[in-house]
Structures are given as C-alpha cells and as structure tokens.
Amino acid sequence: MIKRLLTLFVIAFELVAAPHSVSQELNCKVEINADKVQNANKEIFNTLQSAISDYMNTQKWTDAQFGTNEKIECRLYFTINSYDEPNITGDLQIQSMRPVYNSSYTTTVINFKDTKVEFSYELNQPLVYNDVSWESNLTGILNFYAYLIIAMDFDTFSLNGGDAYYDKAANVVRLAQSEGESGWKAFEDPKNRSSVLSAFTDKTTSGMREILYNYHRKGLDEMVVSPDKGRAVITQTLSTLKSVYDLAPMSVCISMFKDAKLDELVNVYSKSTTTEKDNVFELLKTLYPTENNRLKKIKEESKP
C-alpha cells in the first residue's frame, strides 16, 4: 500500500473509492487571462486553456492509488503578457490546497507566482507527456509544477513523503537545462524553477520539508482535537523556519511560506495567549519586515 494512502488511513479520512480503483491525482482548475493581448485571435487561448486542463487532469503522475475524494485541489492561473504567434510570455500563479483532518477547512500549501513563463503554442497543438526527453517548454513547466504540487502535498502527510516526486521534478529541471530554456537555469534567478526545487531539496534549506509535515500533520490536523497542542507544534515550526532563514535568508522557500501561510497564522493564533502572540509576532517580524501591517493582526484580540 502506498505511503500517502496509508497516511490517509492513519488520520482517518474516509475513502469511498471502490477497491483497486485508480484515479488521477490532481483536480486542477486552469484559467488564462489574455486581456493584455490586443488584436489576436482569442480562440488560441481558449484551446490552450482546455489543452492544459486536460493535460493536468488526465495524466497519471504517480503509481499511487487515489480515490476521487483524495484528489489534490490545485489551480493554475496564467496571465498572458505578450503573444507573437506562436510565442507566448506571461506569469503563472500556482496554488494547491490540502484538507485539514476532521474539518471542512482547507489550507493553502502552495501560493507561488512564476514570472518567467515563456513557451510556444499553436492552435489545437497536442500536449504530449514525456519523462525521458524534452517535448516543449510548456509541457516542461506543467510537468514541473504537477510534481511539485504532489511532492509538497505528500510531505504534509508523512515526513519526507514526497521524495520520489521531487526526484521527478529534478529530472524535468535537468532536461530543461540541457535545452537552455529560460526560467530553469541554476543561479539565474533566485525565484525561478531551479531555485524553487533547490529550496526543498538542498541540505541548507531541507528543514522546509520538516516544516511542511509538522505544520500540517502535527499542527493543523491536531488543532481540531487539541487547539493548544496543535498550535504549540506550529509555533515550533516557526522556530525551524527562523533557522532556515538564518542559513539562507534569500531562499525562495521563505517567501513561499509567507504567501501560503501568513494570513492563516492570524487565525491560528487568534485564541492564543498574549505572550504567545507577542513571541510569534516578533519572530515573524524578523523574517518579514515589510509585512508589519499584516503581522500586527496576530496581536489583535480575537472577537467573541
């Protein structure tokens, strides 16, 4: 039985899929905004959106068995900045969510903006999956983020549970680098795809994966049963985050945590003690000095 499925049983998620059923891993919503593009046949963007949605949601990304209700909820939001047929440039916002045990609440795992998206696409062009050789920059980008979403999701359910999928993402990066594609080169950009992968696989910042597990599995999941116990674990994960920051303050994983979790932390500490709120505020203020207004909300008294 696969690791993630075992973990889901352990934390008592009810599985309703029939025995031996196999389903794709992602429930990915895709949206393309081409408002910035003038004098172009917008049908190209409609077909592109459909092609990406089909690609993400019908490709089998792992050997794991997923019930329909286990699919990872995620979203790809493309903003097209320029179109010079067949070349497209823009931004891509990647989001993924994960349910919190025994509640209706879902928590954001990834909320990241990739500003180096460049690819070519022609009307009705098929998107072909290939994990051995390079097909296109578009499928490479989609493959990379599919594996990153899965890897980080698995990490939230079991410690280092996403190993195999970080390896898959690393293979995509290697293929892209061999092609000289933009957005993949090591040390080219502190927030490109190579840097994102390194943030979760390099030894210096590997504590982020421990944070993913403890924050979600031992923190948020536990808070449903014991709010104080779960919150205490989350506080400890913030200390680990500070340790990662001390070693690599410019790592993209620091900003990725902020974009996924900062607003949520306001709710996490809404019913904590004044001392705990003050300590968390001071810790996070060191990491995110430009977010003072958002962080101050942590110190506010919760409303009855």
Side-chain angles (χ1 to χ4, degrees), residues 1-5 8 13 15-34 42-80 86 88 90 92-99 106 108-110 112 114 117 119-157 161-162 164-173 175-176 181 193 197:
M1 188 69 70
I2 64 160
K3 185 182 293 185
R4 186 176 191 272
L5 191 56
L8 291 175
F13 278 115
L15 304 179
V16 297
H20 309 301
S21 66
V22 178
S23 180
Q24 280 67 37
E25 301 85 352
L26 304 180
N27 182 22
C28 185
K29 296 178 176 61
V30 179
E31 186 173 348
I32 293 179
N33 184 331
K42 295 302 177 72
E43 183 62 21
I44 188 74
F45 303 116
N46 294 332
T47 60
L48 175 61
Q49 180 172 305
S50 296
I52 293 174
S53 180
D54 288 345
Y55 187 84
M56 296 295 287
N57 290 306
T58 61
Q59 172 61 36
K60 192 73 175 71
W61 299 101
T62 76
D63 293 329
Q65 293 185 7
F66 275 66
T68 301
N69 64 321
E70 290 184 273
K71 288 187 177 186
I72 302 169
E73 299 290 333
C74 55
R75 180 173 181 257
L76 300 180
Y77 184 88
F78 290 83
T79 300
I80 307 301
I88 295 172
L92 170 60
Q93 190 80 31
I94 304 98
Q95 296 176 324
S96 71
M97 288 69 70
R98 172 239 206 248
T106 58
T108 300
V109 178
I110 302 175
F112 175 68
D114 185 334
V117 175
F119 57 88
S120 61
Y121 179 78
E122 297 179 351
L123 190 65
N124 298 320
Q125 175 184 332
L127 301 185
V128 179
Y129 174 81
N130 192 328
D131 65 350
V132 177
S133 60
W134 191 250
E135 288 290 331
S136 71
N137 207 37
L138 175 55
T139 56
I141 291 169
L142 299 178
N143 293 351
F144 175 80
Y145 284 117
Y147 286 127
L148 182 71
I149 289 166
I150 293 167
M152 292 180 66
D153 183 83
F154 274 49
D155 271 358
T156 70
F157 285 100
Y165 309 107
Y166 289 109
D167 289 345
K168 290 279 193 179
N171 184 58
V172 177
V173 172
L175 290 172
E181 296 280 9
R193 291 176 284 278
L197 177 66

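The model shown is predicted, which means the values in this text are computed figures rather than measured ones.
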Could you tell me the separation between the [atom1] atom of [X] and the [atom2] atom of [Y], rounded to the nearest 0.5 Å?
X: Ile32; Y: Lys42; atom1: CD1; atom2: NZ; answer: 11.5 Å
X: Thr139; Y: Asn130; atom1: OG1; atom2: CG; answer: 8.0 Å
X: Met152; Y: Tyr166; atom1: CE; atom2: OH; answer: 5.5 Å
X: Gln24; Y: Gln59; atom1: CD; atom2: CD; answer: 8.0 Å
X: Phe112; Y: Gln93; atom1: CZ; atom2: CD; answer: 9.0 Å
X: Phe45; Y: Tyr121; atom1: CZ; atom2: OH; answer: 11.0 Å

[X] and [Y]: which non-hydrogen atoms are nearest, and at how many Å?
X: Lys71; Y: Leu26; value: CD-O, 3.9 Å
X: Ala146; Y: Met56; value: CB-CE, 3.9 Å
X: Ser53; Y: Val30; value: CA-CG2, 3.7 Å
X: Asp155; Y: Gly161; value: OD1-N, 3.1 Å
X: Trp134; Y: Val172; value: CZ3-O, 3.8 Å
X: Ser96; Y: Ile149; value: CB-CG2, 3.9 Å

pair [X]-[Y]: side-chain heavy atoms closer than 4.5 Å:
X: Ile94; Y: Phe144; result: no
X: Leu76; Y: Leu92; result: yes
X: Glu70; Y: Gln65; result: no
X: Arg98; Y: Phe157; result: yes

Exercise for review: Please answer whether the main-chain N or O of Thr47 pairs with a side-chain N or O of Ser50 as donor and acceptor at a distance below 3.5 Å.
Suggested key: no
Review point. Between Glu25 and Lys60, is there a salt bridge with N-O shorter than 4.0 Å?
Key: yes
Practice item. Could you check Tyr129, Tyr55, Trp61 and say which one makes a side-chain hydrogen bond (donor to acceptor under 3.5 Å, both in side chains) with Asn143? Key: Tyr55
Practice item. Please name the residue in the list Leu142, Asn57, Ile72, Ile52 that meets the side chain to side chain contact (heavy atoms under 4.5 Å, CB included) test with Cys28. Key: Asn57
Practice item. Could you go through the side-chain contact (heavy atoms from CB on, under 4.5 Å) check for Lys168 and Thr62 one step at a time? Key: CA-CA 10 Å; Lys168 290 279 193 179; Thr62 76; over 6 Å; no
Point to revise | Tyr145 vs Asp114, side-chain hydrogen bond (donor to acceptor under 3.5 Å, both in side chains): CA-CA, chis, key distance, verdict | key: CA-CA 10 Å; Tyr145 284 117; Asp114 185 334; 2.6 Å; yes
